[in-house]
Amino acid sequence: MQARTFNLPAEVQNKLVYLGTEGARWLSELPEFVRDLERDWRINVGAVLKGGSEALVAHATTTDGVDAIVKIGVPGPTGFEQEVRTLLLANGRGYVKLLQHDAERRVMLQERLGSQLSQLNWTIPDQMDAICTTFQRAWIDVPTDFPLTTGAEKAHSLAELIGSAWQELGRPCSERAVERALAFADARASAYDPADSVLVHADAHSQNTLQVVGAKAADHSAFKFVDPDGVRAEPALDLAAMMRDWSKELLAGDPIALGRARCDYLAGLTGIAPEPIWQWGFMERTSTGLYLMQLGWADEGREMLKVSDAWCA
């Protein structure tokens with residue numbers, strides 16, 4: 001029998017290369033893993049989907065004819081446990097519904113959603129409006145004893161990534177940008193207050209925002225989030241991804257003026273003060289730019305960092 005192959009997205013392939021021997025072993029064992037999963041969960045795994053860097057995501061159909069999505073995590077620290085906890089807590093409110101999961105094998109079966117928001121050719125303001133509308137359902141209270149990363153821990157982890165990656169990559173952005181990001185990390189960590197915190201996605205961009213199946217084409221309220229990091233934090237953290245993305249639009253004019261205008265627009269949509277949005281956005285932009293360069297996506301990473309440098313002017 002011919003060995004089954006999977007057309008993995010470039011981001012996942014880069015991640016496996018970054019993992020070295022562990023990544024190569026995971027890839028070699030993948031066909032047998034999927035066969036076992038199909039037998040145990042009574043599903044058929046179909047075409048691999050694009051997007052993401054830390055899991056194989058593919059169409060699946062149960063033997064009862066239910067369309068679903070299977071997600072198989074790659075090795076290493078990927079946040080699988082946090083994602084499962086987030087989806088269980090949300091229970092479909094603003095997030096994809098979790099149908100089944102196996103913590104030991106790091107695999108999930110989720111409801112199937114429609115197109116990514118990024119594929120709908122909407123304007124950037126319309127995309128931001130749809131994402132912020134989805135937040136209104138997704139920002140729910142977190143039980144006191146529920147095990148999630150806190151906003152303070154998230155700020156510290158971004159600071160650690162920025163400091164180490166900047167040195168490792170030969171200082172690809174200005175020292176001033178790094179100092180600014182680290183100062184903002186201290187500020188947001190100090191501002192953390194469990195009483196003012198909610199469940200936040202922490203990476204809610206337009207590729208992680210999917211239409212509900214059967215939704216009307218222009219309905220801004222018919223979306224759900226996938227791939228959550230899952231953090232108990234102030235809502236401003238969830239607006240950071242929109243401050244980080246769409247770099248070309250910011251570089252097409254005055255990056256500071258356009259960045260501040262975007263920040264104010266998000267504040268107007270959500271009622272959140274602009275400064276925490278700006279600070280989280282700056283940290284997210286700088287850390288993601290460096291992380292993309294680590295994964296081999298140098299052009300995208302440098303573009304993000306170019307805006308970080310401009311925002312320090």
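The figures that follow rest on heavy atoms only: side chains count, while hydrogens, waters and symmetry mates do not. Residue numbers start at 1 and run along the sequence shown.
- Distance alone, capped at 3.5 Å, is enough to place a donor-acceptor pair between the Arg137 side chain and the Ser221 backbone.
- Side chains of Glu153 and Thr149: a donor-acceptor N/O pair is absent below 3.5 angstrom, by distance only.
- Remark: the backbone N or O of Thr62 is not paired with any side-chain donor or acceptor of Trp41 at under 3.5 angstrom.
- Here the shortest heavy-atom pairing between Ala240 and Glu284 reads CB-CB, 3.8 Å.
- Linking ILVMFWY residues whenever their side-chain heavy atoms come closer than 4.5 Å, directly or via other members, leaves Met304 and Ile124 in distinct clusters.
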Candidate pair Arg4 and Glu32, rule salt bridge (charged side-chain N to carboxylate O under 4.0 Å, His left out), full reasoning: CA-CA 9 Å; Arg4 190 171 179 179; Glu32 183 178 357; over 6 Å; no

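- Using a 4.0 Å cut-off between charged side-chain N and carboxylate O, Lys216 and Asp219 make no salt bridge.
- The salt bridge (Lys or Arg N to Asp or Glu O under 4.0 Å) search around Asp203 returns Arg244, not counting sequence neighbours.
- We find that Lys71 and Glu83 are joined by a salt bridge, their nearest charged nitrogen and carboxylate oxygen being less than 4.0 Å apart.
- For Gln136 (side chain) and Cys132 (main-chain N/O), a donor-acceptor pair under 3.5 Å exists by modelled atom type.
- Considering only heavy atoms from C-beta on, Asp40 comes within 4.5 Å of Arg105 through its side chain.
- Under a 3.5 Å cut-off, the side chain of Arg106 and the backbone N or O of Ala55 do not form any donor-acceptor pair.
- For Glu168, the CD atom counts as densely surrounded, since its 6.0 Å shell holds more than 12 non-hydrogen atoms of other residues, nucleotides or ligands.
- Every pair tested for side-chain hydrogen bond (donor to acceptor under 3.5 Å, both in side chains) that includes a residue from residues 190-202 fails, sequence neighbours excluded, so the list is empty.
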Leu239 vs Phe135, side-chain contact (heavy atoms from CB on, under 4.5 Å): CA-CA, chis, key distance, verdict: CA-CA 10 Å; Leu239 306 180; Phe135 282 144; 3.6 Å; yes

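- Heavy atoms of other residues, nucleotides or ligands lying less than 6.0 angstrom from CZ of Arg42 number 12 at most.
- Not a single donor-acceptor pair under 3.5 Å links the side chain of Arg85 to the backbone N or O of Gly230.
- Panel note: side chain Arg112, backbone Ala60; a donor-acceptor pair is recorded below 3.5 Å.
- The list of ring-ring contact (aromatic ring centres under 6.0 Å, His included) pairs with a residue in residues 234-257, not counting sequence neighbours, is empty.
- Side-chain N/O atoms of Thr286 and Ser308 include a donor and acceptor closer than 3.5 Å.
- The shortest heavy-atom contact between Gln82 and Asp229 is CB-O, 3.2 Å.
- Atom CG of residue Leu182 and atom CD of residue Glu160 lie 10.5 Å apart, to the nearest 0.5 angstrom.
- Salt bridge absent: Glu11 and Lys50 never bring a charged side-chain N and a carboxylate O closer than 4.0 Å.
- Put simply, CD on Glu111 and CG on Asp67 are 11.5 Å apart, with the number rounded to the nearest 0.5 Å.
- Contact record, Pro172 with Leu290: CG-CD2, 3.6 Å, taken as the closest heavy-atom pair.
- Residue pairs meeting the side-chain hydrogen bond (donor to acceptor under 3.5 Å, both in side chains) criterion with at least one member in residues 86-96, sequence neighbours excluded, are Asn91-Lys97.
- The minimum heavy-atom distance between Val142 and Val198, with the atom names listed, is CG2-C, 3.9 Å.
- Side-chain atoms of Glu234 do not come within 3.5 Å of backbone N or O of Gly151 as any donor-acceptor pair.
- Here the side chain of Asp309 pairs no donor or acceptor atom with the backbone of Cys173 at under 3.5 angstrom.
- Looking at every heavy atom in both residues, Gly94 comes nearest to Thr134 through O-CG2, 3.8 Å.
- The ring-ring contact (aromatic ring centres under 6.0 Å, His included) pairs that include a residue from residues 279-298 are Phe184-Phe282, where partners are two or more places apart or lie in different chains.
- Separating the CZ atom in Phe225 from the CG atom in Leu87 is a distance of 12.5 Å, to the nearest 0.5 Å.
- Cation-pi contact between Arg285 and Trp311: present, with separation from the ring centre below 6.0 Å and deviation from the ring axis of at most 45°.
- Atom NE2 in His59 sits 5.0 Å away from atom CD1 in Ile69 (nearest 0.5 Å).
- Ser157 meets the side-chain contact (heavy atoms from CB on, under 4.5 Å) test with Lys154; sequence neighbours excluded.
- In this structure, Leu266 CG and Ile272 CD1 are separated by 9.0 Å, a value rounded to the nearest 0.5 Å.
- Taking CD of Gln119 as the reference point, atom CD of Gln116 lies at 4.5 Å (rounded to 0.5 Å).
- Note on Val213: it does not cluster hydrophobically with Val66, by side-chain heavy-atom contacts below 4.5 Å among ILVMFWY residues.
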CA sep, side-chain torsions, deciding dist, call: Leu16, Leu8, side-chain contact (heavy atoms from CB on, under 4.5 Å): CA-CA 10 Å; Leu16 294 175; Leu8 299 179; 3.8 Å; yes

Steps toward side-chain contact (heavy atoms from CB on, under 4.5 Å) verdict (Asp129, Leu269): CA-CA 7 Å; Asp129 181 76; Leu269 287 175; 3.5 Å; yes

